[in-house]
Engineer: 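Mind looking over this structure? Questions follow.
Reminder, nothing fancy here: chain letters follow the sequence lines and each chain counts from 1.
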Protein chains: 2
Amino acid sequence: MDDRSLSDQPISTGLQEPSDLQLTDKQWNILDAALAVFTEKGFSAATTSEIARQAGVSEGTIFRHFKTKKDILLAMLVPLIRNTMGPKSVNSLTQMIVKNENLPLREVLLMIALERQEFLTDNQALLRLILTEAQYHPELREVIIGEVAYKSQEQLIRLIEQRQQKGEIRQDLPAWVLVRSFFGMVVVYMLSRVMLTKREAGKDNREEILKIIDLFLNGAAMEK
Amino acid sequence: MDDRSLSDQPISTGLQEPSDLQLTDKQWNILDAALAVFTEKGFSAATTSEIARQAGVSEGTIFRHFKTKKDILLAMLVPLIRNTMGPKSVNSLTQMIVKNENLPLREVLLMIALERQEFLTDNQALLRLILTEAQYHPELREVIIGEVAYKSQEQLIRLIEQRQQKGEIRQDLPAWVLVRSFFGMVVVYMLSRVMLTKREAGKDNREEILKIIDLFLNGAAMEK
DNA sequence: CTAAAAAGTGAGTGATTACTTACATTGTGA
DNA sequence: TCACAATGTAAGTAATCACTCACTTTTTAG
């Protein structure tokens, strides 16, 4: 009925990770429904009665398992970030970096950008919810920064420093400037693609991403 | 009492622009209070009674002037974007571009980045509100894209094409790739600066921005 | 000055909210 | 089989919500 349900989302298996094994089927149903309702309406506009309806349980059952509405949000998002989004992001970066040490930087960056794009389009609604609610729930903000942002940046810095040592890229700029700049170029490209245009996701934009990588590597200035 | 009040915000004069002259003092008070409450709690969690309290009027007065709560939000944000944020952004870009046609691109980009940074730090809360609520109110989204995003991009594209014709920068990349990439580098740098670090805004980061511009112009690759 | 219109008010309005409680059902260990 | 705990539920609960209305005050026009 609801195609944004947790079970259809690429990220869904997150709630079944080790540290969440104590979750029963019913609790999982509730969090599944909560994801759908929260992503559609936002935390404040979502109601516990609608979550109950979509989960197929009574409202009392919800409050048997979760003390407050906010608890539902955090019980859903924090493990999702900590156990799934975070490791998924960081590990795929780590793998791509160590497995392709001898590939040209250009190729590695393309792989990273494409993987990032897939992740972003697959989990659009969820990411929007997380970033929106991070404004109002500091616990969320800390988990995102600590488990995803910081660790991902760390991996990319490793890649850059690896290539700096090989003499492939400039050593007169700190690695974090290169990392954040590349990240910014790619993410803003993808966001503006989604927001400003009607083009379908994942359609023949490999060439465009290659242009951005070209720009990142060779710069905008005319060659002398 | 509330240091986020409209009258203290750099953008505040927006509501007094020509097309809003029909606003009375009381209406202005209400929108001023609405800005404070909406930015603090978000649209859904904000209550009309608190807006009334902060505006120093009764709740009935609010609904005498605005039909619904959503009307308050739009009556506040749409003119703010259309009459102030939009023109301010676009005009300052236009001026910097035409006034400095003979300055090195590096200098012009620095001016643009610094001006952007000032705008962003001065209007942080307001921008957060706008981007958050744009998710749920398509009218807002359209105004932002049409009045700010599209027109700003247009100006930057003009700058890039101007410099492409002068042979200063590469002509084998479409202007929009250069524009969005530069924008992404700068904005993500600023956001990560605000979110990940504790550094005070506007403090000695001129050098860092210059590094980003250097990267944009000359690329990450080792010079051959 | 006056009368009508506009603006302001605070006490409602019914609907809805997150959450509770009293009770029923189910699962479990001996 | 039975006692008891865990789980589930529908009908609450008080609070709060956006919004209205009957009425007073202020502004305006002739």
Engineer: NA contact type, B:Thr47, heavy-atom cut-off 4.0 Å: base, sugar-phosphate, or nothing?
Structural biologist: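 Sugar-phosphate only.
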
Engineer: Write down the distance between CD (B:Glu50) and C1' (D:dT16), rounded to a whole number of angstrom.
Structural biologist: 13 Å

Engineer: Does the B:Ser92 side chain pair with the main chain of B:Lys88, one donor and one acceptor, at a distance under 3.5 Å?
Structural biologist: yes

Engineer: What string of B, S and - do you get for nucleotides 19-27 of chain D, 5' to 3', when a contact is any protein heavy atom under 4.0 Å?
Structural biologist: BB-B-----

Engineer: Any side-chain heavy-atom pair from A:Phe182 and A:Ile160 closer than 4.5 angstrom?
Structural biologist: no

Engineer: To the nearest Å, give me how far apart CD1 (A:Ile30) and C1' (C:dA18) are.
Structural biologist: 15 Å

Engineer: B:Lys41 has an atom NZ; how far is it from atom P of D:dA18, in whole Å?
Structural biologist: 11 Å

Engineer: Verify whether one side chain among A:Gln135 and A:Arg141 offers a donor that lies under 3.5 Å from an acceptor in the other.
Structural biologist: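 No, because no side-chain N or O of A:Gln135 sits under 3.5 Å from a partner of the opposite role on A:Arg141.
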
Engineer: For DNA chain D, whose closest nucleotide is more 5', that of B:Ser44 or that of A:His65?
Structural biologist: A:His65

Engineer: Quick one: is A:Ser58 getting a side-chain N or O under 4.0 Å of the D:dT9 phosphate, OP1 or OP2?
Structural biologist: yes

Engineer: Count the heavy atoms of every other residue, nucleotide or ligand shown that sit under 6.0 Å from NZ of B:Lys99, and state whether that count exceeds 12.
Structural biologist: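 12 or below, so no.
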
Engineer: How is B:Ala46 classified with respect to the nucleic acid when contacts are heavy atoms under 4.0 Å: base, sugar-phosphate, or nothing?
Structural biologist: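 Sugar-phosphate contact only - B:Ala46 comes under 4.0 Å of backbone atoms but never of a base.
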
Engineer: Can you pull the ring pair (Phe, Tyr, Trp, His ring centres under 6.0 Å) pairs that have at least one residue in residues 31-64 of chain B, sequence neighbours excluded?
Structural biologist: B:Phe38-B:Phe43, B:Phe43-B:His137

Engineer: What is the distance, to the nearest angstrom, from the CG atom on B:Leu73 to the P atom on D:dA18?
Structural biologist: 13 Å

Engineer: Given side chains that start at C-beta, do those of B:Phe183 and A:Tyr189 come closer than 4.5 Å, heavy atoms only?
Structural biologist: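 No, side chains not in contact.
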
Engineer: How many whole angstroms separate atom CZ of A:Arg53 from atom P of C:dA18?
Structural biologist: 13 Å

